[in-house]
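The chains referred to below are lettered A, B, ... by the order of the sequence lines, with proteins before strands, and numbering in each begins at 1.
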Number of protein chains: 2
Amino acid sequence: MPVSLSKAFPKLKGIVEKYQDFWYEETLPAKYTLLQEGDVSNTLYFIVKGCIRLSNNYNGKEITIQFFFENEFVSSFESYLKNTPSDFSIETIEECQLLVIKKENWKTIMDQNPLFREMFFDFTSDRFINYIHHFLSYIQEKPEERYQNLIKNKSHILQRVPLQYIASYLGITTVSLSRIRARKQPK
Amino acid sequence: MPVSLSKAFPKLKGIVEKYQDFWYEETLPAKYTLLQEGDVSNTLYFIVKGCIRLSNNYNGKEITIQFFFENEFVSSFESYLKNTPSDFSIETIEECQLLVIKKENWKTIMDQNPLFREMFFDFTSDRFINYIHHFLSYIQEKPEERYQNLIKNKSHILQRVPLQYIASYLGITTVSLSRIRARKQPK
DNA sequence: TATAAAAATTAACATTTGTTAATTAAATTC
DNA sequence: GAATTTAATTAACAAATGTTAATTTTTATA
């Protein structure tokens, strides 16, 4: 049991302990693909340490949709919940220490444990709301404003994530991001 | 009980009949605001007849996020579920015939009726997946491609919805939409 | 540590959208 | 049905991003 878990996520800690055999730990190197776009997801990850991105490839262009950090669940949810081919790939950015659970075991816990059900529902609805806000920022703001807001509100992303992923997250090219950075931080 | 409901949504029909007192019907004119951005949503609508849009206002710019038609539930879900001020307004486009249920009654049914719970969960996850795809189209495609795809895949929207709303749905100005239309459908 | 590979920046030009304003078309209402 | 309002289109110019390519910087690794 990772030490950090008990501090960060006491609820989950209890559940992992109770259903010990259902969970396992995994340490994976940077740039490791956890799920390939097009495959059906049957694994749910919880990040103990590290940083992960969820991306989509369209005509050879890879776009990062979301970043995940410590104490977050990661999965391609629509694929995980509906058994459909995933629209997204999931890849580690840094070396990651993960708690892993397979879908069958997850289902068992979901059926048996109202606390976990509640926690998971909270988590997915937060994720949904996250999506909504990210989406709104896309349609409300210009790339440059999105970058400024990233600095203001999500500087942890800027500190840990390579600029190429940030550019695609902002919906622009690395070239354009460089220009914005040069423009707004003179000297 | 609206006649069309039994055909289109037999599941819901049973539930509406069983919990008759919880639901009421409403007929509202075009351009009627069902929910004002900033207010907390406590109403869930089901469209029997008509067409509704969900929008967001940012610095005076109104952006349409989604359209809803017959046999769909409509609400500002994050507000409805979390009791937070809504990021969106909800407004009729045409005259609408609606089935309405207030949150307290909705909660009662959710608690008592697994069938409704399942139906509602299916509905919200479909809505989530919808969002994801709409979002992906935003970051993958140019406005012009989005318009072409709208013609190809969602022509019912084009037929029923004024172009100003479609422009904002595509993330562009009406001027730009006019240009695209002039460009791609010569003569 | 030197070498190679990958990432980030800069430059020049093309393309597209935004903006403002004028014009035409369509819908509303008195 | 005439008058008024709203919606859609067109035009001209400004502004921002995309594209391609070259250059510099950083990171990885032999």
Is it true that, when you exclude [X] itself, more than 12 heavy atoms of the residues, nucleotides or ligands shown sit nearer than 6.0 Å to its [atom1]?
| X | atom1 | value |
| --- | --- | --- |
| B:K142 | NZ | no |
| B:K61 | NZ | no |
| A:K18 | NZ | no |

Over how many whole Å does the gap from [X] atom [atom1] to [N] atom [atom2] extend?
| X | N | atom1 | atom2 | result |
| --- | --- | --- | --- | --- |
| B:I166 | D:dT9 | CD1 | C1' | 15 Å |
| A:I180 | D:dA16 | CD1 | C1' | 9 Å |
| B:I172 | C:dT17 | CD1 | P | 7 Å |
| A:Q164 | C:dA7 | CD | P | 4 Å |
| A:Y165 | C:dA8 | OH | C1' | 14 Å |
| A:E144 | D:dA16 | CD | P | 7 Å |
| A:K142 | C:dT16 | NZ | C1' | 14 Å |
| A:E94 | D:dT27 | CD | C1' | 15 Å |

Could you tell me whether the phosphate oxygens of [N], OP1 or OP2, come under 4.0 Å of any side-chain nitrogen or oxygen in [X]?
| X | N | value |
| --- | --- | --- |
| B:T173 | C:dG18 | yes |
| A:R183 | D:dA15 | no |
| B:S178 | D:dA8 | no |
| B:R181 | D:dT9 | yes |
| A:S176 | D:dG18 | yes |
| A:K31 | D:dT27 | no |
| B:K61 | C:dT19 | yes |

**Report entry** A:R179, nearest nucleotide to its side chain (from D:dG18, D:dA21, C:dT17)
**Finding:** D:dG18
Query raised in the report: Does B:Y32 share a hydrophobic cluster with B:V74, counting links as ILVMFWY side-chain heavy atoms below 4.5 Å and allowing steps through other members?
Result: yes
Query raised in the report: Can A:R160 and A:E70 be counted as an ion pair, charged N to O under 4.0 angstrom?
Result: yes
